[in-house]
Every structure is written in C-alpha cells, then in structure tokens.
Amino acid sequence: MPDNFAGRLLEWYDQHGRHDLPWHHNRNAYRVWVSEIMLQQTQVTTVIPYFNAFMRRFPDARALAEAPEDDVLSHWSGLGYYARARNLQKAAKTVMAEFGGEFPQDQDKLESLTGIGRSTAAAILTQAFGKRAAILDGNVKRVLARYHAVPGWPGQTSVLNRLWEYAEQHTPHDRVRDYTQAIMDLGAMVCTRTRPQCDSCPLQADCTAYARGEATLYPGSKPKKAKPEKTTWMVILEDSQGRIMLERRPPSGIWGGLWSLPELDPAFGADELQDACERKLGIACETPQLISGFRHTFSHYHLHIQPARLRVHGSHVVADSDNLRWLHRDEALTLGLPAPIRTLLTDAEQAALL
DNA sequence: AAACCGGGGTG
DNA sequence: CACCCAGGTTT
C-alpha cells in the first residue's frame, strides 16, 4: 500500500497499544483461541476475570476436552452465546483426537474446528504462530469501513467482501502479530463506534470518512426489524425440603444446554397451573403464588417471563433424571444458568420468597 | 430501545 | 449463496 497504513499503525501501537493482557502471557494457540472466542461477545475488562478462571480450571485443550459439559457451561455462565462454549469443548476434543493435542498451523485445518471461522483462524495464526493472515473482527471492520468510506452494512455479503479485500491488502509481511493486535486495539480504543478520537488517530491523514467529516456514519447500520413479543410461565416448584426443580434445556436454540426453570404454555390461566403441573410434569402441587413478571429481550424477540411458585406435595415428587434435578438454590446457582434465571433466583431469595 | 457480534445452520 | 439465529452488555 502506498500510504504506509501498517507502518503508522505499528508506530502508534508501540506507544499506545495494549501489551499486557492475560492472554499475552504464556502465549499459545489454546490461550489465544479461548480469548478470541470470549472477546467475540464481550469487552476486554469483562473477559479478563472469566479468562483467568477458565484457564485455572481448563489450562489446556486436554483439560477442556475431558471436562463435564456442565462444568464448561458454568464457567461460561453470564457471558451469553452458550453454543460457543459447547463449540469450544467440541473443538478441544477434535484437537485431541485429530491433531494429537496440538493446534494445526494451517488456516483450513483451523477452520475445520467447530466455532473457528476465517477471522478466528487468522487471529490464532498471527497471535500464536506469527504467520501472516488477515483478520476481520468488529473493530477491524469499523476501522476499514471508515478509512475507505465503505458504504453499507457489513452483514451484507458484498460489503463484507470489500472489507475482507482491504483487510488482506493492509496486512503486512513483517510484525504481523503486532499489526493484528494494533488494528484491534485502534478499533477498541480510538476508532470507537461513538465519539471516535480522530485527533489521536495515526491514520487520520488518509482516512476518507474523516476527511468528509463522516466518521460515525460508518459502518452502515443494520436494517431494523420489529421484535415480536412472546410470553411464558416459569414455575418454581419447591418440595418439602425447600429444593427447587430445574430442567435442562434442549441442546440447541435459546439457552441451549443450560439449566432453567420448567416452562408452561402461556395459554394456561393462573388458576390452571396446578392442573398443568400435574398433567405435564406429573407433580401434585398446592395453589400457585405469582411472582412479579418481567421482560427479557433477545436479539430477535422480547420474552415476557411470568414466574409462579408452587409447593409440591412431598409424596408426589418425581425423581431426578438426566434433564431434571431437584436442587437447593445455592446448588442451582453453581450451574450454567441463563442470566435472567440467575437474577430471578437471586432476587427471589432477597424477597424471602424462597 | 437499539446496536453489537463471528460463525453455525438452513433454505 | 444469502439469510437467519443467538444473548448479554453498552450506548
């Protein structure tokens, strides 16, 4: 490139970049990989404690591959995107079985691992192995969309392809590891979504969007769609010993594989819950006590959660099974729970309802 | 309330 | 290939 994009970025990085993050120490493919997956969905400051706890419990691919899935999910609880945690473990098993416990140093082989795509594979290649590869995460998309004034939403294939072309063009042959960290840091620290610090930017002189005074117009925003409203009953079934019943959700879909409260069709009226529990779960209960409902928003719909507490007759308790467990609240809170369910159980404690 | 986000899955 | 989906945090 004639404009020395990488050179200016590296010069900035040497002075202002982040050089001391936990995954920069004992750097290896496993640590880079886990940090990249966590960083896909969460900011650095939030990731750090999760990353450190995860590394203590699962120090390498073998430990992760051999761990019970519940253990992995509980270390992910609160981060969201639980499918990524399951993919992480699945890939760790593949690394053990197919690659003898060593991460391959090859873009295609890395991409064959579940949960690793083009950008994550490139991050591992550059950060762990010092090989040349172009990344394109959210930060890099923003930097490039502004620098080249690329119009449109990056979720659209044509826009994404243009950004990948620029990403490839700018990636240097030397110091590629530092360059990759540098462009991610610039996006996170200077070329931010709102209020970018253009006056501190090493790329200002050649940034097309800046020249037009339109930095924040890039990248283009996602076309918006109305979110439907859904409703569900969530029942807190409590037995004579004060234990509550948790149900493991199906492996895919919302909160896949997490432990949650049993749900009942919102078509049931409050006066029909007792009967519904008896028929659907085979559990005889006393009359329900309604707890104030709340709304949880997902990326594509709103869910109104109406909790109800039902005491169970001691003699009719169903046994634990693979997907059903009676647990005291403290035990329940150690499992992988969806954030709103964790809040509900915690708040219910504060309100002395349980 | 809306934006954000890399990759899996599906049509 | 093009689109939809996931879920908690930040703005």
Side-chain angles (χ1 to χ4, degrees), chain A residues 32-50 73 75-91 94 107-108 110-125 133-145 152-161 163-164 167 180 184 187-189 191-196 216-230 249-260 294-303 305 336-344:
Chain A
V32 168
W33 170 50
V34 173
S35 73
E36 283 297 322
I37 302 297
M38 287 184 173
L39 288 166
Q40 282 171 15
Q41 61 207 52
T42 312
Q43 291 198 339
V44 168
T45 50
T46 311
V47 161
I48 288 172
Y50 276 93
L73 289 174
H75 278 75
W76 209 263
S77 179
L79 277 177
Y81 279 107
Y82 301 97
R84 289 179 185 173
R86 282 197 311 278
N87 285 343
L88 208 62
Q89 191 180 32
K90 190 174 172 192
T94 307
Q107 178 95 25
D108 290 339
L110 284 170
E111 285 184 34
S112 75
L113 296 168
T114 315
I116 298 182
R118 183 172 175 183
S119 189
T120 305
I124 295 171
L125 286 175
I135 63 153
L136 189 62
D137 72 357
N139 289 317
V140 180
K141 283 175 190 169
R142 196 166 49 248
V143 172
L144 296 178
W153 173 56
Q156 198 180 318
T157 308
S158 61
V159 178
L160 192 65
N161 288 343
L163 293 173
W164 268 115
T180 300
M184 290 192 292
M189 299 163 68
C191 196
T192 50
R193 187 158 65 88
T194 55
R195 280 176 291 201
T216 54
L217 293 187
Y218 299 89
S221 55
K222 173 183 174 146
K224 54 184 163 194
K225 253 186 351 189
K227 294 176 178 148
E229 300 272 351
K230 301 188 184 182
R249 299 185 55 88
S252 63
I254 296 282
W255 299 332
L258 295 196
W259 289 88
S260 186
F294 58 97
R295 196 168 84 146
H296 182 78
T297 300
F298 293 103
S299 51
H300 53 303
Y301 65 88
H302 304 288
L303 180 65
I305 296 174
L337 301 174
I341 305 307
R342 182 171 295 277
T343 305
L344 172 61

Looking at [options], which one has an atom nearest to any side-chain atom of [X]?
| X | options | result |
| --- | --- | --- |
| A:S119 | B:dC4, B:dG6, C:dG7 | B:dG6 |
| A:T46 | C:dT10, B:dG6, C:dG8 | C:dT10 |
| A:Q43 | B:dG8, C:dT10, B:dG7 | C:dT10 |

Using a 4.0 Å heavy-atom cut-off across all strands, classify [X] as base, sugar-phosphate, or nothing.
| X | result |
| --- | --- |
| A:L113 | sugar-phosphate |
| A:R295 | sugar-phosphate |
| A:T42 | nothing |
| A:G155 | nothing |

Send over the distance from [X] [atom1] to [N] [atom2], rounded to a whole Å.
| X | N | atom1 | atom2 | answer |
| --- | --- | --- | --- | --- |
| A:L163 | B:dC5 | CG | C1' | 14 Å |
| A:K90 | B:dG9 | NZ | P | 6 Å |
| A:R342 | C:dG8 | CZ | P | 10 Å |
| A:H302 | C:dG8 | NE2 | C1' | 15 Å |
| A:Q40 | B:dC5 | CD | C1' | 8 Å |
| A:W33 | B:dG7 | CH2 | P | 13 Å |
| A:R195 | C:dT11 | CZ | P | 9 Å |
| A:L160 | B:dC4 | CG | C1' | 15 Å |

| query | Mapping A:T194 and A:A339 onto DNA chain C by nearest heavy atom, which one lands closer to the 5' end? | reply | A:A339
| query | For DNA chain C, whose closest nucleotide is more 5', that of A:T157 or that of A:G80? | reply | A:T157
| remark: Nearest heavy-atom approach of A:P338 to A:W259 is CD-O, 3.1 Å
| field | Toward the 5' end of DNA chain B, by each residue's nearest nucleotide, A:W164 or A:G220 | value | A:G220
| task | Could you check A:I116 against A:Y81 and say which one's nearest nucleotide on DNA chain B is further toward the 5' end? | result | A:Y81
| Is a side-chain donor or acceptor of A:R142 paired with a backbone partner of A:G187 at a separation under 3.5 angstrom? | yes
| request: Answer yes or no: is there a donor N or O on one side and an acceptor on the other, between the side chain of A:W76 and the main chain of A:G80, under 3.5 Å? | output: yes
So, does [X] get its side chain near the phosphate of [N], meaning an N or O under 4.0 Å from OP1 or OP2?
| X | N | answer |
| --- | --- | --- |
| A:T120 | B:dG7 | yes |
| A:R142 | B:dC5 | yes |
| A:H296 | C:dG8 | yes |
| A:Y82 | C:dG8 | yes |

| field | Between B:dG8 and C:dT9 - C1' atom distance, rounded Å | value | 23 Å
| query | So do the side chains of A:Q107 and A:R118 get within less than 4.5 Å of each other, counting heavy atoms only? | reply | yes
| message | Do A:I124 and A:I116 make a side-chain contact, defined as non-hydrogen atoms from C-beta onward lying under 4.5 Å apart? | response | yes
| In terms of the angle between their ring planes, are A:F298 and A:H296 parallel, tilted or perpendicular, with boundaries placed at 30° and 60°? | perpendicular
| request: Spell out yes or no: do the side chain of A:R84 and the base of B:dG7 have one donor N/O and one acceptor N/O closer than 3.5 Å? | output: no
